Protein chains: 2
Amino acid sequence: MASNPDAEIDHEGPVTPYRQLAEILKARIARGDWAEGRPIASETRLVQEYGIARTTVRRALDVLVEERVVWKVQGRGTYVGQPPAES
Amino acid sequence: MASNPDAEIDHEGPVTPYRQLAEILKARIARGDWAEGRPIASETRLVQEYGIARTTVRRALDVLVEERVVWKVQGRGTYVGQPPAES
DNA sequence: TTCCATTTGTTCGTATGTATA
DNA sequence: GTATACATACGAACAAATGGA
C-alpha cells in the first residue's frame, strides 16, 4: 500500500514526521520524480519543501538507505538506487 | 543600539555565534571598516579572524544579504551595499 | 590558451543542547 | 525515562566563477 506522493507532513497524527517523509519519498521515487541513478532533492531542499528540520530529513533518508532505495555520497547528493559495485 | 564592532564571539552566551557575527559585521560596516561598494573580508578570513566555522560565517552573511547590507558575487567576494541595477 | 590561486556555492557527515510528547 | 524533533555548530569535499600569470 503506497502512500500519497503529494502528501504533506502532519505533525499531529500518530505517524512520526520522519516515517511520513520516508513513505512520501518512496512514493515519489516510484512515481518517477527522480530516475534511477539520479540525485533526489538535497537535504536542504527537502527541509524547505516539507518544513521540517534537517535532522528529521536525514532520519528519513537513513530509512531509505537502509532499505537500499537510495545511497548517498558526501558532498554530492543522495541517489536513487544502489551504489555502483567497487572496481 | 549598535553592538561593539570589536567584540569577539562568545560561544557560551545566549546569543548564537552567527547572530553575534552578523551584528559585529554590521557594526564594522557602520564604523567604516569597509566602504560602500567595496568587498569585506573573505569568508576564509572571517573564519580565521573569529575562530568559527565557515558554515557559521556564511550563515551570518546570509543575514546581512537578507537585510541588504551586503551582496555577494561568486568567485569575487562579498560587497558592502546593494547590487548594481540590471542593465 | 592554459594554468593556478582565490572566493563563493553546494552538499553530506557529525555532534551538542533544548524542548516536547 | 525514551523517542522524536528542532536549531545550531563544526568538518570535509568538491563544484563553479573570477581574475591574473
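The model shown is predicted, which means the values in this text are computed figures rather than measured ones. Throughout, protein chains are lettered first and strands after them, A, B, ... in sequence-line order, and every chain is numbered starting at 1.
Between the C1' atom of D:dT8 and the CZ atom of A:R54 lies a distance of 11 Å, rounded to the nearest Å. Straight-line distance from the CZ atom of A:R38 to the P atom of C:dT11: 13 Å, rounded to whole Å. Taking atom CD on B:Q48 and atom C1' on C:dT6, their separation rounds to 12 Å, with Å as the unit.
OP1 or OP2 of D:dG19 lies within a sub-4.0 Å distance of a side-chain N or O belonging to B:R76. Considering only side-chain N and O atoms, A:R58 lies under 4.0 angstrom from the phosphate OP1 or OP2 of C:dG13. Note on B:H11: every side-chain N or O is 4.0 Å or more away from OP1 and OP2 of D:dT8. Using a 4.0 Å cut-off, no side-chain N or O of B:K72 falls inside it from OP1 or OP2 of C:dT7. For B:S42 and C:dT6, the shortest distance from a side-chain N or O to OP1 or OP2 is not below 4.0 Å. Contact check, B:T56 against D:dC10: a side-chain N or O comes under 4.0 Å of OP1 or OP2. The phosphate of D:dA9 (OP1 or OP2) has no side-chain N or O of B:Y18 nearer than 4.0 angstrom.
Residue A:R45 is out of contact with every strand shown, counting any heavy-atom pair closer than 4.0 Å. In this structure, A:T55 reaches the bases: a heavy-atom distance under 4.0 Å links it to at least one base atom across the strands shown.
When Watson-Crick and G-U wobble pairs are counted only if both distances are under 3.5 Å, D:dG1 pairs with no nucleotide at all.
The residue among B:V73 and B:I52 whose nearest nucleotide of DNA chain D lies closer to the 5′ end is B:I52. Nearer to the 5' terminus of DNA chain C, by closest-nucleotide assignment, is the contact made by B:L61 (compared with the other of B:L61 and A:E43).
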